[in-house]
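In what follows, every chain begins at residue 1, and chains take the letters A, B, ... in the order their sequences are listed. All values reported here derive from a predicted model rather than from experimental measurement.
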2 protein chains.
Amino acid sequence: MLRRTRQREAVLSALLQSGRSLTPVEICELAQGDVPRLNLSTVYRQIKLLLEGDEVLRVDLPGQATRYEAAVCDADVGDGTHHHHHFHCEACDRVFPIHACPGAMDRLAPPGFRVAGHELTLHGQCADCVGAKNG
Amino acid sequence: MLRRTRQREAVLSALLQSGRSLTPVEICELAQGDVPRLNLSTVYRQIKLLLEGDEVLRVDLPGQATRYEAAVCDADVGDGTHHHHHFHCEACDRVFPIHACPGAMDRLAPPGFRVAGHELTLHGQCADCVGAKNG
DNA sequence: ATACTTGCAAAACATTTGCAGTGAG
DNA sequence: CTCACTGCAAATGTTTTGCAAGTAT
């Protein structure tokens, strides 16, 4: 059975409040705002529990450290689709959710292939980093 | 410039002969059949070079160690664009190149974001596996 | 001969685990 | 009171790097 602990709340809260995907280290640093002595091990243990409970999603971008995000992101569309994509900022290395989708990808696959789903990752610079560079 | 070395051959050869995705450790063990003193560091260095030359594909399955496979793209288009995407077959676990691209992704990013590029991964079942299942 | 490559060891980074102490139920 | 959870340190696993020696061109 699962206990309700401050650490658990802090981890989930960090994920929810950030509104984006976080690495375990980022989660730990954020959550330490609530629980200063929070340990990375505990973050990993909570992530594992939260994954099993489908409260967080694993975000695995090729070549990047594994990140996690709250399963119930902002305003959840009621249409049943959690579908979204990611933007990876090459400057600050943060990952943002993108609630848009070009759709109709199925045509791209070779004939005979059955497309079950897709992942799209944009990369470049986020608004913050574009701003920092130009101004 | 790139030199043609026994280690480079051995790494590529291991990938080609196995016919599947391998972890760096697996590659190293296999390639040591050709070059006994082959080192893991060298495998990683060769992988990096081979990735840049599009001779090898990275296969990143969530929760598993990163694997690599030979990018034996038959008929390679000579139109100057190396841009392509990937299809991951959930049945046979192979990765295929897709020489098509929906394009115009830049609109999907939030305002202020600068999009430098994108990666698209389709997943489902390849023609072989669809055929094997139905017939 | 030149300088890209290699092998080895050690560093850097990511994730897990043992264990004694803490705290939720 | 119990037992799951926590913090810390140390183990494990993955990938990168410094450097002297090796080798393709």
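- Taking atom CZ of residue B:Arg8 and atom C1' of nucleotide C:dC4, one finds them 12 Å apart after rounding to whole Å.
- Using a 4.0 Å cut-off between charged side-chain N and carboxylate O, A:Arg20 and A:Glu26 make a salt bridge.
- The CG-P distance, from B:Asp60 to D:dT14, rounds to 13 Å in whole Å.
- The pair B:Glu55-B:Arg8 meets the salt-bridge criterion, with a side-chain N (NZ, NE, NH1 or NH2) lying under 4.0 Å from an Asp/Glu carboxylate O.
- When the side-chain nitrogen and oxygen atoms of A:Thr5 are compared with OP1 and OP2 of D:dT6, one or more of them lie within a distance under 4.0 Å.
- If you take CD of A:Gln46 and C1' of D:dT6, they are 9 Å apart, rounded to a whole angstrom.
- Atom CZ of B:Arg6 sits in a sparse spot, with 12 or fewer heavy atoms from other residues, nucleotides or ligands closer than 6.0 Å.
- For the pair A:Leu38 CG and C:dT22 C1', the interatomic distance rounds to 15 Å; values are reported in whole Å.
- In this entry the distance linking CZ of B:Arg3 with P of D:dG22 reads 15 Å, nearest Å.
- Rounding to whole angstrom units, CG of residue A:Leu40 and P of D:dG13 are separated by 19 Å.
- Under the 3.5 Å distance criterion, with hydrogens and angles disregarded, no donor-acceptor pair is assigned to the side chains of A:His118 and A:Asp106.
- At the heavy-atom level, B:Thr66 lies under 4.0 Å from the strands shown only through sugar-phosphate atoms.
- When rounded to the nearest whole Å, the span between CZ of B:Arg37 and C1' of D:dT23 equals 16 Å.
- Rounded to whole Å, the distance from CZ on A:Arg58 to P on C:dA14 is 15 Å.
- Within the 4.0 Å cut-off from OP1 or OP2 of D:dT15, at least one side-chain nitrogen or oxygen of B:Tyr44 is found.
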